[in-house]
Amino acid sequence: EVQLVESGGGLVQAGESLRLSCTASGFALDDYAIGWFRQAPGKEREGVSCISSSDGSTVYEDSVRGRFTLSSDGAKNTVYLQMNSLKPEDTAVYYCAANSAGPSLAYGLWRGSYDYWGQGTQVTVSS
């Protein structure tokens, strides 16, 4: 059974950092593309970043590029989203998701290509 479990969310002040973790079970990270999405109150879920652990390639949404960094640890079957210089507009529930079609990032952050989702973790950034 495929499962994704996020952790690491919390309340921080603007300018601070958080590291989110997404631990996968039921598959190996190298086999699926992993994406991070977020959803703020009253807004649609949007893509933040994705990674292909098979070759380390990544994609970042414009508003987080240069501040957020994705990495993966195959031994722990975990993907990390390091978030630096956080802003109040980063406040949202963050979800990780897996694309079981394969590790390719051909579909990037298109939400419809991800078929497994975690339960989400809340990130709140105060000004």
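Among residues at least two apart or in separate chains, side-chain hydrogen bond (donor to acceptor under 3.5 Å, both in side chains) pairs with a member in residues 51-60 are Ser52-Ser54, Ser52-Asp55, Ser53-Ser72, Asp55-Ser57. Applying the ring-ring contact (aromatic ring centres under 6.0 Å, His included) rule to pairs touching residues 71-102 yields nothing, sequence neighbours excluded. Residue pairs meeting the ring-ring contact (aromatic ring centres under 6.0 Å, His included) criterion with at least one member in residues 13-33, sequence neighbours excluded: Phe27-Tyr32. Applying the side-chain hydrogen bond (donor to acceptor under 3.5 Å, both in side chains) rule to pairs touching residues 14-24 yields Ser17-Asn84, Thr23-Thr78, sequence neighbours excluded. For residues 96-127, every residue pair satisfying the ring-ring contact (aromatic ring centres under 6.0 Å, His included) rule, not counting sequence neighbours, is listed here: Phe37-Tyr114, Phe37-Trp117, Tyr107-Trp110. Residues in residues 95-127 take part in these disulfide (SG to SG under 2.5 Å) pairs, two or more places apart or across chains: Cys22-Cys96.
Residues Ala14 and Ser127 share a closest heavy-atom pair of CB-CA, 4.4 Å. The minimum heavy-atom distance linking Leu4 with Ala98 is given by the pair CD1-N, 3.6 Å. Taking all atoms of both residues into account, the shortest heavy-atom contact from Asp30 to Pro103 is O-CB, 3.3 Å.
Listed by chain and number, the residues in a side-chain hydrogen bond (donor to acceptor under 3.5 Å, both in side chains) with Ser113 amount to none (sequence neighbours excluded). With sequence neighbours excluded, the residues satisfying salt bridge (charged side-chain N to carboxylate O under 4.0 Å, His left out) with Arg65 are Asp62. Remark: Gln122 engages Thr124 in a side-chain hydrogen bond (donor to acceptor under 3.5 Å, both in side chains) (not counting sequence neighbours). Shown here are the salt bridge (charged side-chain N to carboxylate O under 4.0 Å, His left out) partners of Glu46, two or more places apart in sequence or in another chain: Arg38. By the salt bridge (charged side-chain N to carboxylate O under 4.0 Å, His left out) test, Arg45 is found to be paired with no residue, residues two or more places apart in sequence or in another chain being considered.
The main-chain N or O of Ser100 is found under 3.5 Å from a side-chain atom of Asp115 such that the two form a donor-acceptor pair. Judged by distance alone, the side chain of Glu6 and the main-chain N or O of Gln119 form a donor-acceptor pair under 3.5 Å.
Linking Ile, Leu, Val, Met, Phe, Trp and Tyr whenever their side-chain heavy atoms come within less than 4.5 Å leaves Leu18 and Val5 in two separate clusters.
Other residues sharing a hydrophobic cluster with Val59 under the 4.5 Å side-chain heavy-atom criterion for ILVMFWY residues are Leu105, Leu109.
Interatomic distance, CG of Asn99 versus CZ of Arg111, reported as 14.5 Å (0.5 Å rounding). Note that CZ of Arg67 is 4.5 Å distant from NZ of Lys87, once rounded to the nearest 0.5 Å.
Looking at Val48, Ile34, Ile51 one by one, the single match for side-chain contact (heavy atoms from CB on, under 4.5 Å) with Leu70 turns out to be Ile51.
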